[in-house]
Number of protein chains: 2
Amino acid sequence: MLHNHSKTYLGGTATPKIAFIQHDHAHCASDIMKRAELLARTRGTRLTPVRRRVLEILLEKHQAMGAYDVLQRLATDGFGNQPPVAYRALNFLVKQGLVHRIQQLNAFTACMNPSETHTPAFLICKECNVVAEANTAPVRRALNEAADSFCFAIESSTIEAIGLCPRCQGSVI
Amino acid sequence: MLHNHSKTYLGGTATPKIAFIQHDHAHCASDIMKRAELLARTRGTRLTPVRRRVLEILLEKHQAMGAYDVLQRLATDGFGNQPPVAYRALNFLVKQGLVHRIQQLNAFTACMNPSETHTPAFLICKECNVVAEANTAPVRRALNEAADSFCFAIESSTIEAIGLCPRCQGSVI
DNA sequence: ATTGACACGTTATAATATAACACTCATAAG
DNA sequence: CTTATGAGTGTTATATTATAACGTGTCAAT
Ligand SMILES: [Zn+2]
Ligand SMILES: [Zn+2]
Ligand SMILES: [Zn+2]
Ligand SMILES: [Zn+2]
């Protein structure tokens, strides 16, 4: 079975583990585009052609892309081909929670669960470059406890793990 | 009382919370330099003049510095003033666990607990830029559990929190 | 003496990111 | 209607961060 189509989507939300599994990614992507449009309408923000196109490009795969790679794609699509074009769209999408920035890669990846602000942990496969978003409630709880013991008030935090995804653990030399 | 000299050092090791507290930082720094030299001897690595100077510079404060700021300091000290000089020394120190890289700032900070390889969580004050290293055992445990549920094998991970340190929580506008 | 490994200095360039300004277009006052 | 006003885009230029590649000196092992 190549696709796990209807069964894996619950209320329009992909399970996070889907990134590492073969799945009907076209569905995955179009589902998120629809949610992005809904969010924009709800919030009164504008999902303009450039912004929409950037999100589409990032949604093509469960991997992160550098700003300049996105830019090149935009250019071939007839949009401006100077860095600010890409960075502005990316920054907008990040602010809206539709895209996450992966610090370790200086790259961007489409959010696979756009909703209320969430800051997932990222699992980044160093072989296939696939990025998955893990729920961080317990991780954050532990981090907050550590911060509390310093009387440090966390405002935002970044959690990124590099390693091997299930698929690539088998195929390593 | 300005210093909490002898009481805060236990077996030559500063408590991690010290970064956010007034303390005898000269002691703090010289203590770590000694440990760095010992480590180098033990491991058969060379703490050359440039490398040593870079560590000294980073040890001047509990803050992170960009590679180019380090480089400028090196240049005024008569070392080479081209980027590779700084980056090579920094990369060496990072590999030896004597310096940590702060991803969110593209900057480097001296390790305040150099010993066997450890990967702390960083608490970064956005007001005063002080960086503290928090112990991450519980955080990492939680992260590993999350990764396990993906069958993802973590190789290394980055945990960085931005926020306000205890001192700066009072003095915010 | 010769070799090889390592560190350092230098030149040049790559990769990532932002500042600043001009133009368009939509919408809101006047 | 027309005239601000603001948001978004495109462009030029530049800033910031990082590495590639090559030559030289030092020192230990052969
Ligand atoms: Zn998908
Ligand atoms: Zn993989
Ligand atoms: Zn100190
Ligand atoms: Zn502070």
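Here is the naming used below: chain letters follow the sequence lines, and residue numbers restart at 1 for every chain. Everything numeric in this text was worked out from a predicted model, so none of it was measured.
Here dA20(D) presents its C1' atom at 14 Å from CG of N91(B), a figure rounded to the nearest Å. Taking atom CG of D69(B) as the reference point, atom P of dT17(D) lies 8 Å away to the nearest angstrom. As a whole-Å value, the separation of L90(A) CG from dT9(D) P is 12 Å. Atom P of nucleotide dG10(D) and atom CG of D77(A) are separated by 12 Å, given to the nearest angstrom. Put simply, OH on Y87(A) is 19 Å from P on dT14(D), counting in whole angstrom units. Look at CG on N106(A): it is 9 Å from C1' on dT17(D), rounded to the nearest Å.
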Could you run down the sub-3.5 Å N/O contacts of the protein with nucleotides 7-10 of chain C?
from	atom 1	to	atom 2	distance (Å)
dA7(C)	OP1	R51(B)	NH1	3.3
dA7(C)	OP1	R51(B)	NH2	3.4
dA7(C)	O5'	R51(B)	NH2	3.2
dC8(C)	OP1	T48(B)	OG1	2.4
dG9(C)	N7	R88(B)	NH2	2.4
dG9(C)	O6	R88(B)	NH1	3.2

Under 3.5 Å, side-chain donor or acceptor atoms of residues 73-90 of chain A against the rest of the protein: list the pairs with distances, not counting sequence neighbours.
from	atom 1	to	atom 2	distance (Å)
R73(A)	NH1	E60(A)	OE1	2.9
R73(A)	NH2	E60(A)	OE2	2.9
T76(A)	OG1	R73(A)	O	2.8
D77(A)	OD2	R53(A)	NE	2.4
D77(A)	OD2	R53(A)	NH2	3.3

Determine all donor-acceptor pairs shorter than 3.5 Å in which one atom belongs to a side chain in residues 137-152 of chain B; sequence neighbours excluded.
from	atom 1	to	atom 2	distance (Å)
R140(B)	NE	T119(B)	O	3.2
R140(B)	NE	T136(B)	OG1	2.9
R140(B)	NH1	S157(B)	OG	2.5
R140(B)	NH2	T119(B)	O	2.4
N144(B)	ND2	R140(B)	O	3.2
S149(B)	OG	A146(B)	O	2.9

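Contacts of E160(A) classified as side chain to side chain donor-acceptor pair (under 3.5 Å), with partners at least two apart in sequence or in another chain: none. For K34(B), the salt bridge (Lys or Arg N to Asp or Glu O under 4.0 Å) test picks out no residue, with sequence neighbours left out. With sequence neighbours left out, E155(A) forms a side chain to side chain donor-acceptor pair (under 3.5 Å) with K126(B). Q63(B) meets the side chain to side chain contact (heavy atoms under 4.5 Å, CB included) test with K61(B), N129(B), V130(B); sequence neighbours excluded.
Cluster note: I124(B) groups with I102(B), L105(B), F122(B), V131(B), I162(B) through ILVMFWY side-chain heavy atoms spaced under 4.5 Å, whether in direct contact or through intervening members.
For Q72(A), the CD atom is loosely surrounded, since the number of other residues' heavy atoms within 6.0 Å does not exceed 12.
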>> Does the protein touch nucleotides 23-30 of chain D at the base, only the backbone, or not at all? Give it as B, S and - per nucleotide, heavy atoms under 4.0 Å.
In response: --------

